[in-house]
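The structure appears right after this line, and notes come after that.
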Amino acid sequence: MAFCLLYKPVLQFCEIVVNEANFVRKCIGAESCQDDLWGKLVCTNFKVSFIAHNSLPRQCTHRLLGEHDIPLACVEQVVTVNDVKGKQKILGSNQKLKFNPTELILYCKDFRIIRFRFDEAGPESAKKVCLAIAHYSHPADPQLLFGFEYVGKAYNKIYMRVNGVDPGGGLQTPLFDCSSDWDREIKRTGASEWRVCTINQGYFISPSLPEFFVVPVSLADQDLKQYACCFYSQRIPLWCWNHSSGSALVRMSNISDPQQQRKVEQRISSAITKSHPLRSDVFKSDLDKNLPNIQDIQAALLKLRQICVIDSFEESEEKWLSSLESSRWMEYVRTFLRHAVEVVYMLESRHVSVILLEKEDRDLSCVISCLVQLMCDPHCRSLHSFQGLIQKEWVMAGHRFLDRCNHLKRNDKEESPVFLLFLDCVWQLWNQYPAAFEFTEVYLTVLGDSMWVPVFSTFLFNCPRQRAEHSRDFASSKSIHLGQDQALCFPPVWDWSQQFSLKDQTLFNNPLYVGKIATCVQNGTVKTFTHRRSKVSC
Amino acid sequence: DRSSGTRVSDTELRVYKDPSKGELPLLPEEHVQDSAKDVTYICPFIGPVRGSLSVTNYRLFFRCTDREPVFGLDLPLGVLSRVEKIGAATSRGDVSYGLACKDMRNLRFVHKEPEDSLKKSVFEVLMKFAFPVSNNMSLFAFEYKQVFPENGWKVYDPLAEYKRQGLPNESWRISKVNDHYELCDSYPAALVVPVTITDEELRRVSSFRAKGRIPVLSWIHPESQAAVVRASQPMVGQNGRRCKEDEKLLQAIMDANAQSHKMFIFDARPSVNAAANKMKGGGYESEDAYQNAELVFLDIHNIHVMRESLRKLKEVVYPNIEDSHWLSNLESTHWLEHIKLILAGALRIADKVESGKTSVVVHCSDGWDRTPQLTSLALIMLDSHYRTIRGFQILLEKEWLSFGHRFQQRVGHGDKNHTDADRSPIFLQFIDCVWQMTRQFPAAFEFNEYFLITILDHLYSCLFGTFLCNSEQQRLKEEVPKHTVSLWSFVNSQLEEFVNPLYVGYPSHVLFPTVGIRHLQLWVTYYIRWNPRMRPQEPVHQRYKELLAKRAELQKRVEELQREAANRTASSSSERAGSPTRSITPVQTFV
């Protein structure tokens, strides 16, 4: 598996070739074609692959992807061009193409732009491969995402563990999908007045909450069930973390019933106050009011991409800094960091508990709650705890990864790089505190790139319930016997051996890391002067 | 304590561990000249602080008395470029003084005018000692008599350095024509020139090159023999003067490199400026006169443009940063653009030499500002030796000090004439470019960021003799090496402070940095270090030292184990003569 064989795409064991075209030229340089590669363009149900004719078999460092491979989930836009007729068409799924393409341009989510020329290729096969790529990069249903095939086949063939997948067991990263992970987190943070609540087992109360979450001890299950219906999507407020002073960080969605609002809010607040050793007040931090919304964030990323890769180099080079400023991306990064600093101040210096208030509690609060914990709690800055943090505040709290990544390319309005923005915030912190984090810039880059490898449970679903439902449906439609397991065992992205060898994983370790002794890092001002989106090709 | 005394503080306000001790940490031969109580320092970040101020013959020392923890300011007087009274005395008899510094900050103090009008105010004393050259006094470097284990004046031996490069060889010789600085007073004594050119011809060339700065070798490629040659502009003038010895010299330089029948002349200036120099008798090589030579202009601006750019940068970063327009404000200073042009020029030179195997001649107008910037950066890219701590010192001694970068004029040591048009941050720009390279190649340089900052701090401090005077000749005449301490004595006596733990060498790598604006950063830890909000929040300096200790420990362990293994093999095969000695693999830090 480690060696690419000449002329043949390297396939995962459940991967099938859909279409291919020969004598395709992959454009390497922008101006001249002297470095271009000749080879075969292949579309599989997982990736777009290019097998260069005259390249030597080379050791791939990525276990799922070769040097010229692009996962279909990473393809943002498929553009076909016929430069003789002067025609151009953006292809979606199930579309027709009235001209023979001379060129295919793939715009990728990770800012790559890849061009293939079909000057020497058969016109029919060129057209077919373009249509296949367009079709397969727009899956009609989540179950058509490669992850299902990948995990599903594993049950019928060899057992997953052979391939290194061992969900939970072999990982040191807590997934927060069982009550014991939450118990440990309660103990670790000394949140003795908080308890694990199990009323959402089977997702009977709230569709977007996890099965286990943490609530004040003074709130009985019966009360919670009663309050649940007042909240948006029945999302009972979630405990995130306790500061060592006893102040708690809680995230809460809007109360949809205005008549109940005051009463429910008061009940929740007083329960949080009761759980505070000093019986301190609760501070409500309204994220929707103070932070850019998901559309703003998406618009900023599009502008950033425009100046990074689409505008001509000379043009953007001259005005680089001011264009960067006008994209507002850095400004947003700064706004999020600054807001997190304010929350830290409330927890740390004012000794009050904080409720992060957001309409749906599934986007902005994920960023803020994580940043606050990273700033205050050195524990979170180790690699495994950082992964646990993402698991807790993003995956379990129901960040809509499927919609935000727009894996199905169905609704562009829902697409937003909230998670990428979070990684950028972490990168900024990492830059200001180079010895405080166990992981490296390479790790953050690879984590960001993994969003576009649609195999991992982490980034495939909108919430734990959706994951459970889809995997159950998929299993029954394919007659997969799940045995003891309740759902298909998608590997989490934290199982890094899926993608990289142990040797390559050593690049995740920051040699400057001093361990968990470093103190609070909230005194931060964001480093707005630098923003390098360095790409590490793996 | 040697290190604490000489280390220029990188935090503006230093916290004192033991406030009860009122004594100042004085250096040898440093004496308090005057002190005043009840001075107010108007700190732009935390507001007014009251305290006492002392002036020695080396530094200004402010200790706050109304705050806990006790902290203060400690800066060498050498960093001051201007001290002036601001406005008239207030009704309460307070006078305000502004101190502009060369290291990107301004300080303001408020102080009561002494009631006895005959007594000098502490600031008048300060003015005297801050500008000793203007007051016919000697710089503190000539009084400071600290003894270090190593003598830094011995770091650079030109003949040894040329020998390292394989010189002299069959094509290049070391000429003694400038032994007494008669050919060119701003050049070093030892010059490397083609063997085919006689000293007499060199003399004729010197009359054709600005300030007599003839084309001489800086560096030679160990394999291709392509050479980096530096010079000043030819005195072509409006009539297109020619000099056949100069043409012969350049032809000889080209001939010394068998790999290429072409040569590149890099003129650092924008072509318009180069052409304008013809009016003043200067100019550039015409391609008619210099066959097979291709002239390239590198568009780097002159010292005045650079000074203005740094002034704007200071305005943007000190004291307050306008967060919402930070990037566009930074862009409007053009500082990074200038850095980019310098790096891009050096990159083209290095590329021609390495990839094109072609010899190059580099010059600007006088060949002592943009030229050393370009040659020394190209040399760092080409030769890994210059990326070591000692190699970098040799590079500075050679390309900057011996070849007469006018440090005295550009920095204005001890000179109160702050509006002097000769001042310019040329050397600072070079160090900034080096820093940019260390960012792009974090494992290729033996030194850390603190090393670069230390060099810049002592560029201004006037504690060491290294950056005094304008040329090798002047330094010899003033007997600088005899009367002052070299900065390298200080640095090399505590190398552990300056070592980059991530260094892995890359001995044969040529570094080609990416020079786009998007790959350059503002050197915040230098330019904005006085702003507490911009300071690296958690200094990694200590961590660097721990890593070095860890590496040394592991290295030792490897050696022990290897010895043990070797002994075991030896005892198990004692009948065989000689035990296998394995080469020791160095432990390297993963990066």
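Residue numbering restarts at 1 for every chain, and letters A, B, ... go by the order of the sequence lines.
Residue B/R543 comes nearest to A/P511 through the heavy atom pair NH2-O, 3.3 Å, listed as atom of the first residue, atom of the second, then distance. Of all heavy-atom pairs between A/E325 and B/S328, the closest is OE2-OG, 2.6 Å.
With contacts defined as side-chain heavy-atom distances shorter than 4.5 Å, the pair A/S322/B/L327 does not qualify. Looking only at side-chain heavy atoms (C-beta outward), B/Y544 and A/L512 come within less than 4.5 Å of each other.
Using a 4.5 Å cut-off between heavy atoms, A/T440 makes no contact with chain B at all. For chain A, the nearby part of B/L336 is the side chain; its heavy atoms alone come within less than 4.5 Å. Contact annotation for B/S324: only backbone heavy atoms (N, CA, C, O) come within less than 4.5 Å of a heavy atom of chain A.
Put simply, CD on B/E331 and OG on A/S323 are 6.5 Å apart, with the number rounded to the nearest 0.5 Å. For the atom pair CG (A/L321) and NE2 (B/H325), the distance works out to 14.0 Å, reported to the nearest 0.5 Å. With values rounded to the nearest 0.5 angstrom, B/I517 atom CD1 is found 9.5 Å from A/F313 atom CZ.
More than 12 heavy atoms of other shown residues, nucleotides or ligands fall within 6.0 angstrom of atom CZ in B/R311. Within 6.0 Å of CD on A/Q306 lie more than 12 heavy atoms contributed by other residues, nucleotides or ligands.
Annotation: salt bridge (charged side-chain N to carboxylate O under 4.0 Å, His left out) contacts involving residues 332-348 of chain B, sequence neighbours excluded, comprise A/E317-B/K340.
Taking the salt bridge (Lys or Arg N to Asp or Glu O under 4.0 Å) definition, one finds that B/K312 meets it with nothing, sequence neighbours left out.
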